[in-house]
Enquirer: 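Structure below; questions to follow.
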Amino acid sequence: MAIYTSGVIFAGVDTADKDCWKLESYIKRGGYSALDKILNSGMTQEQIIAELKSSGLRGRGGAGFPTGLKWSFMPRALDGQKYIVCNSDEGEPGTFKDKDILEFNPHSLIEGMIIAGFTIGASVGYNYIHGEIFEVYERFEEALAEAKKAGYLGKNILNKNFDFDLFAHHGYGAYICGEETALLESLEGKKGQPRFKPPFPASFGLYGKPTTINNTESLAAVPFIINDGGQAFQDKGIINSGGTKLFSVSGHVNRPGNYEVPLGMPFAKLLELAGGMRDGKKIKAVIPGGSSAPVLPGDVMMQCDMDYDSIAKAGSMLGSGAVIIMNEDVCMVKALERLAYFYHEESCGQCTPCREGTGWLYEIIHRIEHGEGRLGDLELLDNIGNQMAGRTICALADAAVFPVRSFTKHFRHEFEYHIEHKKCLVNHKWC
């Protein structure tokens, strides 16, 4: 699988080198110089947060919340334990960027988390790693051991009277634990179910203590921002979408993989980097930000740029940056059936609208796909979605509804054909 970069996290990383993830390789690329800079230059917490704000770095896990602003919420003057937590629970279909950071450049994340700990006044950090990538978890543990042996973790780091410990936590593959408060519940040894907010983690997080939670990619970008300055990172992107972004490109392309490119790059250019459409097929549809992002028709997507505002204007979300590309042969009813099944299976069951609603959505779409669709099913799907979205503790119900609404909006004729003719419009076979 390809990794292409014109960005900052993978700059200089040769993924063909089996030792590229090791400390020695990271040091040769300038690793831990950002940590050395803040500890030896007298850079204050306020100055670090100011650099992050000027960088335009927004959360790379899906929400897109400004990272510097999030760090500023931490009550740094409050006595007692504080935590920094990395969300590496990458479970959304189509997303595989964080896995590659952990596998090929784990020290960038470790350094970013140490800097975050220094900035928010936390002496302990946790990296919550998705449960289905155990070999990556093991590699991250090895990287932690390297960093600790070299004096970058533990007591009196670089002899600057700064203590910070970092631990890896292996999840169990539950999609819901990608939601930050469900992740905290799981870290505490409880069932991974979302908490009511407020209180927010910045005031009541892990073990009831102030906690800042960031995505893997967000934290891995921090060392560059400290070394080169916030403006240098901002200049790599565009206004309101600073820096570079890792896009996980999958589907019917010739070179699926991770592509770290400047935010604002035209989608057509990203598709070109991925080798174009496989077998010369036409592009039919694109999910631009992970399976929970609304699908867009291919011709609409070809006019978009890969940044938060452009994708939002087109009617979808940049999300986690998982770009799922579908060609002309894809049955959109069958594709939606598979997505609906995923959200039905992954609902934690805490909220009735989500627990019951995701099941109803799947059953109706399954019926349509298998030749048992009824007149009024599309209106029923829309009605169920209205009773789900915005009515639950977390956004999983919304994530289940977005694909249903967008698939039936942009490709309604395919659903109507399935219902009327009991077979597929694309391949004309019985369902």
Enquirer: How far apart are the closest heavy atoms of Gly117 and Phe164, and which atoms are they?
Expert: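 Nearest pair, atom of Gly117 first, then Phe164: CA-CE1, 3.8 Å.
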Enquirer: Answer whether the closest heavy-atom distance between the side chains of Val330 and His252 falls below 4.5 Å.
Expert: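 Val330 vs His252: side chains touch.
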Enquirer: At their closest point, which heavy atom of Ala202 faces which heavy atom of Pro75, and how far apart are they?
Expert: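 Here Ala202 and Pro75 meet closest at O-CD, 3.3 Å.
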Enquirer: Take atom CG in Asn156; do more than 12 heavy atoms of anything else shown fall under 6.0 Å from it?
Expert: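 Check passes, neighbour count above 12.
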Enquirer: Please lay out, stage by stage, how Lys82 and Met74 fare under the test side chain to side chain contact (heavy atoms under 4.5 Å, CB included).
Expert: CA-CA 9 Å; Lys82 305 175 188 67; Met74 176 62 77; 3.9 Å; yes
Enquirer: Centroid separation under 6.0 Å, is that true for the rings of Phe73 and Phe200?
Expert: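 No, the ring of Phe200 stays outside the 6.0 Å limit from the ring of Phe73, centre to centre.
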Enquirer: Look only at the side chain of Lys245 and the backbone of Ser320, and say whether a donor-acceptor pair between them is shorter than 3.5 Å.
Expert: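 Here the side-chain-to-backbone pair exists.
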Enquirer: Are Asn214 and Ile84 close enough, and set up right, to give a side chain to side chain contact (heavy atoms under 4.5 Å, CB included), and what steps lead you there?
Expert: CA-CA 8 Å; Asn214 289 115; Ile84 175 73; 3.9 Å; yes
Enquirer: Output yes when Glu185 and Lys190 qualify as a salt bridge under the 4.0 Å nitrogen-oxygen rule, no when they do not.
Expert: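 Salt bridge between Glu185 and Lys190, a charged N being under 4.0 Å from a carboxylate O: yes.
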Enquirer: Nearest 0.5 angstrom please: Ile110 CD1 to His107 NE2, how far?
Expert: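 Here the interatomic distance stands at 5.0 Å.
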Enquirer: Hey, could you give me the NZ/CD distance between Lys53 and Glu51, rounded to the nearest 0.5 Å?
Expert: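 It is 12.5 Å, given to the nearest 0.5 Å.
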Enquirer: Can you measure from CG (Asn240) to CG (Asp309) and round to the nearest 0.5 angstrom?
Expert: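 Between atom CG of Asn240 and atom CG of Asp309 there are 4.5 Å.
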Enquirer: Would you check, one step at a time, whether the test salt bridge (charged side-chain N to carboxylate O under 4.0 Å, His left out) holds for Glu142 with Lys22?
Expert: CA-CA 9 Å; Glu142 291 182 51; Lys22 291 187 175 180; over 6 Å; no
Enquirer: Main chain of Ala63, side chain of Arg58: is a donor-acceptor contact present, judged purely on distance under 3.5 Å?
Expert: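 Pair absent, no side-chain N/O of Arg58 close to backbone of Ala63.
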Enquirer: For Asp163 and Ser123, run side-chain hydrogen bond (donor to acceptor under 3.5 Å, both in side chains): C-alpha distance rounded to whole Å, both residues' side-chain angles, the deciding distance at 0.1 Å, then the answer.
Expert: CA-CA 6 Å; Asp163 302 337; Ser123 60; over 6 Å; no
Enquirer: Answer yes if the side chains of Ser218 and Thr67 hold a donor-acceptor pair under 3.5 Å, and no otherwise.
Expert: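 Distance-only check fails for Ser218 and Thr67.
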Enquirer: Could you check if a side-chain atom of Met301 sits within less than 4.5 angstrom of a side-chain atom of Met306, using non-hydrogen atoms only?
Expert: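 Result yes, sub-4.5 Å side-chain heavy-atom pair found.
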Enquirer: Please tell me if the side chains of Lys236 and Phe224 come closer than 4.5 Å, counting only heavy atoms from C-beta onward.
Expert: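 Of all side-chain heavy-atom pairs linking Phe224 with Lys236, at least one is under 4.5 Å.
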Enquirer: Taking atom CZ of Phe140 and atom CG of Asn127, what is their separation to the nearest 0.5 Å?
Expert: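 Those atoms lie 4.5 Å apart.
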Enquirer: Is there a side chain to side chain contact (heavy atoms under 4.5 Å, CB included) between Ile176 and Gln193 once you walk through the steps?
Expert: CA-CA 7 Å; Ile176 192 63; Gln193 290 186 320; over 6 Å; no
Enquirer: Would you check if the side chain of Thr211 reaches a backbone N or O of Leu206 as a donor-acceptor pair within less than 3.5 Å?
Expert: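 Checked: pair present.
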Enquirer: Determine whether more than 12 heavy atoms belonging to other residues, nucleotides or ligands lie under 6.0 Å from atom CG of Asn161.
Expert: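 Open: at most 12 neighbouring heavy atoms sit under 6.0 Å from CG of Asn161.
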Enquirer: Tell me whether the rings of Phe118 and Phe162 are parallel (<30°), tilted (30 to 60°) or perpendicular (>60°).
Expert: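 The rings of Phe118 and Phe162 stand perpendicular, inter-plane angle above 60°.
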Enquirer: Say whether, by atom type as modelled, one donor and one acceptor occur between the side chain of Asp36 and the main chain of Tyr32 under 3.5 angstrom.
Expert: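 The answer is no, because no donor-acceptor pair under 3.5 Å joins these two groups.
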Enquirer: Using atom types as modelled and distance alone, determine if a side-chain donor or acceptor of Arg139 lies under 3.5 Å from a backbone N or O of Glu103.
Expert: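 Present.
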Enquirer: Please check this pair: side chain of Asn105 against backbone of Ile9, looking for a donor-acceptor N/O pair closer than 3.5 Å.
Expert: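 Answer holds: yes.
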Enquirer: Please identify each residue that fulfils side-chain contact (heavy atoms from CB on, under 4.5 Å) with Lys334, with sequence neighbours left out.
Expert: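 If we apply the side-chain contact (heavy atoms from CB on, under 4.5 Å) test to Lys334, skipping adjacent residues, the hits are Cys331, Glu337, Glu369.
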Enquirer: From Ile129 CD1 over to Asn87 CG, what is the distance, rounded to the nearest 0.5 angstrom?
Expert: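 The CG atom of Asn87 is 11.0 Å from CD1 of Ile129, to the nearest 0.5 Å.
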Enquirer: Looking at Ala168 and Leu144, what are the two nearest heavy atoms and their distance?
Expert: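 It is N-CD1, 3.9 Å.
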Enquirer: I want to check something: taking the side chain as every heavy atom from C-beta on, are Leu396 and Glu179 in contact at a cut-off of under 4.5 Å?
Expert: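 Contact flag for Leu396/Glu179 side chains = no.
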Enquirer: Measure across Asp305 and Ser310 and return the closest heavy-atom pair with its distance rounded to 0.1 Å.
Expert: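 Smallest interatomic distance, heavy atoms only, reads N-OG, 3.0 Å.
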Enquirer: Please indicate whether Glu24 has more than 12 foreign heavy atoms, meaning atoms of other residues, nucleotides or ligands, lying under 6.0 Å from its CD.
Expert: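 Open.
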Enquirer: Using the side chain to side chain contact (heavy atoms under 4.5 Å, CB included) rule, take Lys284 and Val426 through it: C-alpha gap first, then chi angles, then the decisive distance, then the call.
Expert: CA-CA 11 Å; Lys284 181 177 185 176; Val426 176; 3.5 Å; yes
Enquirer: Closest approach of Cys348 and Gly192, non-hydrogen atoms and distance?
Expert: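 Minimum heavy-atom separation between Cys348 and Gly192: CB-O, 4.3 Å.
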Enquirer: Measuring only between side-chain heavy atoms, which start at C-beta, is Leu361 closer than 4.5 Å to Leu381?
Expert: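 Contact flag for Leu361/Leu381 side chains = yes.
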Enquirer: Evaluate ring pair (Phe, Tyr, Trp, His ring centres under 6.0 Å) for Tyr137 paired with Phe134, printing each intermediate quantity in order.
Expert: CA-CA 5 Å; Tyr137 166 80; Phe134 187 71; 5.5 Å; yes
Enquirer: Can you find a side-chain donor-acceptor pair between Tyr26 and Glu111 that sits under 3.5 Å?
Expert: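 The answer is yes; a qualifying pair exists.
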Enquirer: Can you tell me if Glu90 uses its side chain to pair, donor with acceptor, with the backbone of Lys97 under 3.5 Å?
Expert: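 Indeed, once roles are kept as given, a pair shorter than 3.5 Å links the two residues.
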Enquirer: Does atom NZ of Lys197 have more than 12 heavy-atom neighbours, drawn from other residues, nucleotides or ligands, at distances under 6.0 Å?
Expert: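 Yes, enclosed.
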Enquirer: More than 12 non-hydrogen atoms from neighbouring residues, nucleotides or ligands closer than 6.0 Å to OH on Tyr172, yes or no?
Expert: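 No, OH of Tyr172 has 12 or fewer neighbouring heavy atoms, counting only those of other groups under 6.0 Å.
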Enquirer: Just checking Lys28: does its NZ atom have more than 12 heavy atoms from other residues, nucleotides or ligands closer to it than 6.0 angstrom?
Expert: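 No.
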Enquirer: If only atom types and distance count, is the side chain of Asn327 paired as donor or acceptor with the main-chain N or O of Lys282 below 3.5 Å?
Expert: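 Answer holds: no.
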Enquirer: Who passes salt bridge (Lys or Arg N to Asp or Glu O under 4.0 Å) against Glu46, sequence neighbours left out?
Expert: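 With neighbours one apart ignored, the set is Arg76.
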Enquirer: What do the steps show when you test Phe247 against Tyr259 for ring pair (Phe, Tyr, Trp, His ring centres under 6.0 Å), and what is the final call?
Expert: CA-CA 5 Å; Phe247 291 102; Tyr259 293 82; 9.3 Å; no
Enquirer: Check for a donor-acceptor pair, side chain of Thr358 on one end and backbone N or O of Cys354 on the other, with a separation under 3.5 Å.
Expert: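 Yes, Thr358 side chain to Cys354 backbone: donor-acceptor pair under 3.5 Å.
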Enquirer: With rounding to the nearest 0.5 angstrom, report the OG to OH distance, Ser292 to Tyr343.
Expert: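 Taking OG in Ser292 and OH in Tyr343, the distance rounds to 4.0 Å.
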Enquirer: Looking only at atom types and distance, does a side-chain atom of Ser241 sit under 3.5 Å from a main-chain N or O of Tyr308, one as donor and one as acceptor?
Expert: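 Present.
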Enquirer: Scan side-chain atoms only and decide if Asn215 and Asp98 contain a donor-acceptor pair under the 3.5 Å cut-off.
Expert: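 Judged by distance alone, the side chains do pair up.
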Enquirer: Would you say Lys37 has more than 12 foreign heavy atoms packed within less than 6.0 Å of its NZ?
Expert: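 Yes.
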Enquirer: Give me the atom names and distance for the closest heavy-atom approach of Arg29 to Ala11.
Expert: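 Answer, listing the atom of Arg29 first, then Ala11: CD-O, 3.9 Å.
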Enquirer: Which class fits the ring pair Tyr83 and Tyr126: parallel under 30°, tilted 30 to 60°, perpendicular over 60°?
Expert: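 Correct class here is tilted.
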Enquirer: Below 4.5 Å, heavy atoms only, C-beta onward: do Val295 and Phe411 meet side chain to side chain?
Expert: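 Touching, per the 4.5 Å side-chain cut-off.
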Enquirer: Would Gln303 and Asp299 count as having a side-chain donor-acceptor pair, cut-off 3.5 Å?
Expert: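 Asp299 and Gln303 do not have a side-chain donor-acceptor pair below 3.5 Å.
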Enquirer: Check the angle between the aromatic planes of Phe342 and Tyr175 and answer parallel, tilted or perpendicular using the 30° and 60° thresholds.
Expert: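 Aromatic pair Phe342/Tyr175 classed perpendicular.
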